[in-house]
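None of these values were measured; they are calculated from a predicted model. Along the sequence shown, residues carry numbers from 1.
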Amino acid sequence: MNIWRESRTNVLGCPTDSTCDAMSYLTYMLPSACCRHFHIHIADHFLRMCLLGVIALSGQVSADVSLLPETPHSEINDAHASFSYLFRVERDLGLQRFFEEAGARRIHLQQMTGQWVRVMGTIDATYSERLDAQVMQLAYQYPDVLVERDRVLTVASGDVFSVEENRWHVDRIEIDAFPELVQDEIRIGIVDTGLIRSHQALEAHDIAGYDFVSELDRGGDGDGRDSDYTDVGDGGLCHGLRRTSTWHGTHVAGLIGAQYINEETMEGLNQNAKIISARAVGRCGGRSSDIFEAAMWLAGYSIEGVPDLPEHQRPHVINLSLSGQGDCSLYEQESINKITETGIPIVIAAGNHGLDSLGTPANCRGVIAVGATNPDGRIANYSNIGDGLDVLAPGGIPGYGLVSTVGPRQNSYGMRYGTSMAAPLVATTVAGLIQLDVGFETKSIKLLLNSLPTCESCMHFPVLDLAQLHDRLETQGLLNGDQRVEDVKGFEEEVIDETPAGCTTSVAPTGLPIFMLGLFLIIRRQDWRSPRSSNN
């Protein structure tokens, strides 16, 4: 099946994070009853026609939407427009002749990594849109060909939007109904791409960090692990595709505690939040070993070659807005077990593959797994769901994401969407609950989040709502100091099943007896056949 795709910025080669394409955008516009699995069941021909129609009408579909106007794929001057397309092909399509016949000049074909071919050139400015339509038609005629516009993305800036227009996620979770939850000083550890430490909205919140990216090529900063956890960008050539940097860790940090500067900037949920950044993701993603050593360091464990994190800087909660496909590995589960033994909860994004099962490590036992909702409160069609999902929070959609701090400049802001954006909203809430000092632990927090109201449009999963959270705690006497969590009926009695579907577990207790039984039967079978064999 051929899909015309816009080149876009992915959030981590893992979150990913926002790996939502034109198909995801189209399915969001369909009725909620059919959108989640629309791309599996829709007829191939109808899907192609719909996608071409959407792109023709909208002009662009992007996972990460810049706040500045994008540089178009055709840079038009007075008479001529330059163009650049990327074709993924396994055979000769006669692209040189195709563009010559379309009226293009100065055509240059370049073989890229893998099966990608870049076609660049110029065309009369008045024929630029017609060329675009012809390339789309070519893509439609050959289902085995993938075509992308080779766009130039601009860096977002903080001077083109107002706070009032870009805090919909704050209104959605009813933050004004529970102000004390986001006023106390909290410490949140972030395992991500690092931090733009000089950012005007984050300087006051940055208290510690470390760079855990061990591979020189992946790190992009010329060295391995060191004390400089600056976000240098995670873009580059990844599996044959050129990806722009996401500044993902900086964006997550801003959602938690970005400082309000003026009406042209934004602010995080908690203005007293302190950020400890563990950089473990670089170019094209991060190794699981780096990620979980970073998380264990945040929890107070000693890591070889890395200075210990002082106890007064250890976080109340750890946020992992990272995700991959597959089961929870034994290494991941053991690492999480060690972290949760310290009493520090781990909040993890569910993943953006639109599956009915959680991505890893959200599918590990003992974590707080977070899915995403649209601005209208419905579950986002890209969000993974399933057993083990604890709560939904605002994640946004293409073109209507969450605004926060980004790089590379110290005053840059950008818009992102995905479960990566939902997770830090929950992490901030969890840290606030712990600061209430009424005995909240991971199990009781999970139970409290699981008890939040659900709705049919969110597939009956609980949705983050601070007004409802406030009412539940007030009713149980947990806000005035009269009660502690362990004294409230229900918190200590209800057993939470923390064994999500698909999580890897040891097979030793049952596997060995089965193996021994099989071996015994094989031996016995040979014994039964031996007498007959000797008589022949």
Side-chain angles (χ1 to χ4, degrees), residues 10-17 19 188-195 208-221 224-226 229-234 238 246-253 275-306 309 314-315 317-340 342 344-352 358-370 384 418-420 423-424 427 503-504:
N10 291 323
V11 180
L12 296 182
C14 47
T16 158
D17 267 341
T19 53
I188 296 184
I190 301 175
V191 182
D192 216 299
T193 63
L195 190 72
Y210 204 84
D211 179 4
F212 283 86
V213 181
S214 55
E215 298 169 283
L216 295 181
D217 187 48
R218 188 178 299 277
D221 54 0
R225 293 183 173 183
D226 60 24
Y229 49 95
T230 301
D231 189 345
V232 297
D234 59 335
C238 306
T246 63
W247 316 109
H248 192 264
T250 301
H251 194 274
V252 168
I275 303 298
I276 307 96
S277 300
R279 180 177 184 253
V281 178
R283 188 174 65 87
C284 310
R287 295 286 187 186
S288 181
S289 56
D290 289 342
I291 290 168
F292 280 96
E293 283 209 317
M296 292 177 65
W297 176 78
L298 288 170
Y301 285 93
S302 295
I303 305 299
E304 184 176 356
V306 180
L309 182 65
R314 292 174 192 169
V317 63
I318 296 172
N319 185 90
L320 268 69
S321 287
L322 311 172
S323 181
Q325 298 188 62
D327 294 340
C328 174
S329 71
L330 183 59
Y331 171 77
E332 292 170 339
Q333 187 62 66
E334 288 181 349
S335 301
I336 287 171
N337 292 344
K338 291 179 180 179
I339 295 169
T340 54
T342 68
I344 299 178
I346 311 173
V347 176
I348 305 182
N352 299 339
L358 303 183
T360 186
N363 56 12
C364 295
R365 299 187 305 275
V367 306
I368 298 173
V370 182
N384 291 348
T419 57
S420 278
C503 189
T504 302

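- A side-chain donor-acceptor contact under 3.5 Å links Thr193 to the backbone of Gly249.
- Distance CG/Leu195 to OG1/Thr230: 8.0 Å, rounded to 0.5 Å.
- The main-chain N or O of Gly194 is never found under 3.5 Å from a side-chain atom of Ser277 such that the two would form a donor-acceptor pair.
- In plain terms, the two heavy atoms of Ile339 and Ile318 that are nearest each other are CG2-CD1, 4.0 Å.
- No side-chain heavy atom of Phe212 sits less than 4.5 Å from a side-chain heavy atom of Val191.
- Across Glu332 and Phe292, no two heavy atoms sit closer than the pair CG-CE1, 3.5 Å.
- Counting only distance, with no hydrogens or angles, the side chain of Asp327 and the backbone of Ser329 share no donor-acceptor pair below 3.5 Å.
- Scored by the side-chain hydrogen bond (donor to acceptor under 3.5 Å, both in side chains) test, Tyr229 finds Arg197, Asp206 as partners (sequence neighbours excluded).
- In this structure, Thr419 OG1 and Asn384 CG are separated by 7.0 Å, a value rounded to the nearest 0.5 Å.
- Applying the side-chain hydrogen bond (donor to acceptor under 3.5 Å, both in side chains) test to Asp211 and every residue at least two apart in sequence or in another chain returns Arg279.
- Using a distance-only test at 3.5 Å, with no hydrogens or angles considered, a donor-acceptor pair links the side chain of Asn363 to the main chain of Gly326.
- Between Ala362 and Ala350, the shortest heavy-atom distance links the atoms CB-CA, 3.9 Å.
- Between the OG1 atom in Thr360 and the CG atom in Leu322 there is a gap of 10.5 Å [rounded to 0.5 Å].
- Arg225 has its side chain within reach of Asp290: a pair of non-hydrogen atoms, C-beta onward, lies under 4.5 Å apart.
- Interatomic distance, Asp221 CG to Asp226 CG, rounded to the nearest 0.5 Å: 6.0 Å.
- Between Val317 and Pro345, the shortest heavy-atom contact is CG2-O, 3.4 Å.
- Taking OG1 from Thr246 and CG from Asp234, the interatomic distance works out to 3.5 Å, rounded to the nearest 0.5 Å.
- Using a 4.5 Å heavy-atom cutoff, the side chains of Leu298 and Leu309 are in contact.
- Taking every heavy atom of both residues into account, Gly219 and Val232 meet most closely at O-CG2, 3.6 Å.
- To the nearest 0.5 angstrom, Thr340 atom OG1 is 9.5 Å from Arg365 atom CZ.
- Residues passing the side-chain contact (heavy atoms from CB on, under 4.5 Å) test with Glu215, sequence neighbours excluded: Arg218, Arg287.
- Side-chain contact between Val367 and Pro361 is absent, with no heavy-atom pair separated by less than 4.5 Å.
- A tilted orientation is assigned to the rings of Trp297 and Tyr210, their planes being inclined by 30° to 60°.
- Residues His248 and Val281 have side chains not in contact (no heavy-atom distance under 4.5 Å, counting atoms from C-beta outward).
- Closest approach of Cys364 and Ile336 over heavy atoms only: CB-CD1, 3.4 Å.
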